[in-house]
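Note: hydrogens, waters and symmetry copies are ignored here, and every other heavy atom, side chains too, is used. Since we're looking at a predicted model, the values are computed, not measured.
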Amino acid sequence: MTEPRPGAVTSDRPVRAPVQLPPAPSVLLGRNAELDRLDEIRLRSDPAPSVVVLTGVGGIGKTALALHWLHTHRAQFPDGILCARFSAEGTETAESASGVLHGFLAALGIPADDIPASLAQRAAEFRAVTADRRFAVLLDDVVHSADARAVLPSSAHAFVLVTSRSQLTSLALDGAEILPLSPLPDRPAREVLVRRAGQRQISQEDAENLLTACAGLPLALTITGARLRVRPRRNPHQEARRGRARRLGGSTDLATVFDASYAALDDSAARLYRTCGILPGPHHAVDALADTLQSSPAHLDDAVDELIEANLLHELEDETVAQHDVVRHDARVRAERQDAEADRHYLVRRYIRWYRDQTVTASALIHPFRPTFAAETVAATASFADRDQAVTWWRRDRPVINAVAKAATAHGWDEELWQLAEASWGFFLHYRDYEPFLDLCTAGIEAARRCQLPLVEARMHSQAGFVCDQLGHYDEAAAHNAVTLEIGEREQHGPTQASALARLARNARRQQDWEGALELYERSARKHAEVGLPRGVGQARYRRGEVLIKLGRDEEALRELAEATAILAEEGDDIQHARAVIPLAAVHARRGDYRRARTELLKALEGVTRLQSPHFQAEVLTALADLERGHGDEASAQRHLDEARRLSGDPAEPPH
């Protein structure tokens with residue numbers, strides 16, 4: 001029988017079943033979803049090997065997850081488990097695909113003299129001797145897709161786990177599943193820290209600081225807990241303060257864990273990475289980034305894709321991206337080290353101005369009934385096709401707008417600050433985020449004062465007064481409204497005076513000064529008529545109607561409310577029209593005309609629903625429920641009340 005020649009591909013050699021697994025981690029927490037997904041992939045019946053790429057930033061626990069799963073499922077791979085660690089070129093432990101294959105073939109029992117010399121021949125030999133065998137392969141810390149691809153077996157019974165800081169998306173062509181890992185949530189992160197710290201007692205405050213410093217990275221949590229365990233005199237507060245600059249063992253620390261990934265970026269992606277680290281908000285719209293960096297969309301898309309591939313950025317819905325906290329910290333530190341302060345401020349201000357421009361444009365669509373002072377100085381953009389698109393954008397980016405406003409406050413950019421505060425009014429009316437909006441208005445008052453814009457300052461006081469009233473801070477509301485009227489009279493600005501009179505009438509109502517409220521609303525209606533603002537007339541009339549109902553003067557109330565609803569319908573203001581319909585329907589119901597009352601409320605509900613206005617939908621639904629309950633229709637009343645509670649975000653109490 002002829003002996004096989006060196007380099008020949010054979011499949012009938014005796015093959016050992018080596019298990020090259022390093023020890024498993026002592027504990028693995030917070031990865032149940034990923035473990036379940038690996039189980040699902042192993043059990044599917046594809047006619048090809050299962051390949052999974054565990055990907056994420058350095059220290060995220062990719063290798064620990066792979067080892068835990070492989071040890072747990074060792075019995076399912078009777079023909080062995082092969083392991084190899086790749087790393088960046090130029091390091092002492094760097095392994096090439098050819099070297100990995102040589103090691104695998106030797107472990108499988110192939111004599112060194114029979115192992116082919118070329119990469120292609122080694123790959124063919126590896127596939128031949130493992131055909132139809134049930135085994136697993138761990139390729140750890142792979143840098144390039146080509147390295148992993150060269151080592152892939154052909155057996156349909158093989159399971160290949162690849163770990164990499166890059167997503168290696170081109171391996172999807174080989175049927176690979178890409179499984180990104182995120183930092184640990186608070187609960188498992190806290191458990192890792194406590195377990196590693198042993199008997200060491202950590203206060204709640206210190207634990208929170210340590211968790212923030214470790215940013216959900218299992219590696220950081222493990223080392224931090226161990227350091228506290230072996231150094232009982234170490235102050236946890238001091239350990240947290242050291243944070244990400246702390247060495248984690250060997251040459252790895254949280255300050256350098258991203259070095260390899262960052263070094264591989266081209267200049268555009270590196271600049272985008274640093275910029276994302278300094279911009280305010282929990283996520284970034286891609287078009288906002290393009291404008292901030294003055295980049296073409298195509299060029300920016302390439303940079304975004306490069307960062308996503310490197311796990312330095314992740315995609316959200318609706319053309320937005322974000323960075324995990326630990327990545328964001330690294331990006332910010334690099335920006336502070338590499339970019340001049342003036343350049344960083346320039347980029348942040350461009351970003352704030354982009355959001356300012358978008359906010360002003362969206363405001364004109366969402367609440368077109370009150371022209372803004374900001375619109376006089378900010379050119380409208382062609383960003384939104386219609387009101388619905390503007391509302392969708394605002395709902396998505398509201399946390400960013402709040403963060404942008406805080407950044408403008410911190411930097412002392414007063415013009416952008418008051419413009420954001422004024423233009424946010426229309427959206428606030430529909431969604432009622434009271435406390436954040438009050439903070440924004442309060443900051444806007446000071447900004448407008450420093451800009452020497454008294455009418456803008458008056459508007460900020462008017463907005464703040466409304467919010468204070470809604471929160472039950474009636475004295476503060478009255479003070480804001482008095483300042484609004486004083487400025488309006490001093491500047492001889494009719495719309496400001498008319499609005500202030502209406503707000504002061506509300507204060508009178510709170511004090512049950514019904515006659516005083518009627519007189520102030522009448523003055524407000526006349527002033528609105530004088531300056532040519534019929535919508536304001538309609539609002540003052542329906543509020544007079546509400547007061548007249550309180551006084552039991554239904555006939556007078558009916559006349560005021562009928563006039564108000566006619567004016568507001570003519571003006572096309574579905575929100576204020578619906579609010580006027582609510583007391584009008586109550587009068588109709590008391591006069592025995594239930595059908596008319598219900599019909600008008602249902603029509604009003606259609607209008608506010610069309611505007612995507614949950615607050616006002618809830619108001620009309622609550623009125624409809626009250627009407628139906630009074631008429632004995634308990635089932636319909638409860639259904640409408642439940643919907644009102646859902647829209648208001650309060651399971652117990654809808655708005656009144």
Legend entry - Note: Arg37-Glu40 ion pair, threshold 4.0 Å (strictly below): yes
Inset, instruction - Could you tell me which residues satisfy side chain to side chain contact (heavy atoms under 4.5 Å, CB included) with Ser363, sequence neighbours excluded, listed by chain and number? - result: Thr372, Trp394, Ala423
Legend entry - Pair listing, ring pair (Phe, Tyr, Trp, His ring centres under 6.0 Å) test, anchored in residues 591-611, at least two apart: Tyr594-His631
Inset, instruction - List in chain and number order the residues that pass ring-ring contact (aromatic ring centres under 6.0 Å, His included) with Tyr542, two or more places apart in sequence or in another chain; answer none if no residue qualifies. - result: none
Inset, instruction - Determine, using ring centers only, whether Phe466 and Trp425 are less than 6.0 Å apart. - result: yes
Inset, instruction - May I ask you to decide if the ring planes of Phe428 and Phe437 are parallel, tilted or perpendicular, using 30° and 60° as cut-offs? - result: parallel
Legend entry - Lys/Arg-Asp/Glu bridge criterion (N-O < 4.0 Å) met for Asp513, Arg509: no
Inset, instruction - Output all residues satisfying side chain to side chain contact (heavy atoms under 4.5 Å, CB included) with Leu533, sequence neighbours left out; order by chain, then residue number. - result: Pro495, His528, Val531
Inset, instruction - Return the set of residues passing salt bridge (Lys or Arg N to Asp or Glu O under 4.0 Å) with Asp357 (not counting sequence neighbours), or none when no residue passes. - result: none
Legend entry - For the student: nearest non-hydrogen atoms of Gly516 and Ala508, plus distance: C-CB, 4.3 Å
Inset, instruction - Determine the interplanar angle of the Trp413 and His411 rings, folded into 0 to 90°, and report it as parallel if under 30°, tilted if 30 to 60°, perpendicular if over 60°. - result: parallel
Inset, instruction - Taking all heavy atoms of Val547 and all of Tyr521, pick out the closest pair and write down the distance. - result: CG2-CE1, 4.1 Å
Inset, instruction - For His314, enumerate each residue passing the side chain to side chain contact (heavy atoms under 4.5 Å, CB included) test, keeping only those at least two apart in sequence or located in another chain. - result: Leu316, Ala322, His324
Legend entry - Residues that Asp305 engages under salt bridge (Lys or Arg N to Asp or Glu O under 4.0 Å), provided they are two or more places apart: none
Legend entry - Pairwise salt bridge (Lys or Arg N to Asp or Glu O under 4.0 Å) hits with a residue in residues 471-491, at least two apart: Glu486-Arg490
Inset, instruction - Taking salt bridge (Lys or Arg N to Asp or Glu O under 4.0 Å) as the test, write out the residues that go with Glu606, two or more places apart. - result: none
Legend entry - Residues that Ala464 engages under side chain to side chain contact (heavy atoms under 4.5 Å, CB included), provided they are two or more places apart: Leu438, Cys441, Ile445, His480
Inset, instruction - Could you tell me which residues satisfy salt bridge (Lys or Arg N to Asp or Glu O under 4.0 Å) with Asp433, sequence neighbours excluded, listed by chain and number? - result: Arg398
Anything under 3.5 Å between a donor and an acceptor, one on a side chain of residues 447-460, the other on a protein residue two or more places apart or in another chain? List them.
{"from": "Arg449", "atom 1": "NE", "to": "Glu457", "atom 2": "OE2", "distance (Å)": "3.2"}
{"from": "Arg449", "atom 1": "NH1", "to": "Glu446", "atom 2": "OE1", "distance (Å)": "3.3"}
{"from": "Arg449", "atom 1": "NH1", "to": "Glu446", "atom 2": "OE2", "distance (Å)": "3.1"}
{"from": "Arg449", "atom 1": "NH2", "to": "Glu457", "atom 2": "OE2", "distance (Å)": "2.9"}
{"from": "Arg450", "atom 1": "NE", "to": "Asp414", "atom 2": "OD1", "distance (Å)": "3.3"}
{"from": "Arg450", "atom 1": "NE", "to": "Asp414", "atom 2": "OD2", "distance (Å)": "2.8"}
{"from": "Arg450", "atom 1": "NH2", "to": "Asp414", "atom 2": "OD1", "distance (Å)": "2.8"}
{"from": "Arg459", "atom 1": "NH1", "to": "Pro371", "atom 2": "O", "distance (Å)": "2.8"}
{"from": "Arg459", "atom 1": "NH1", "to": "Glu422", "atom 2": "OE2", "distance (Å)": "2.9"}

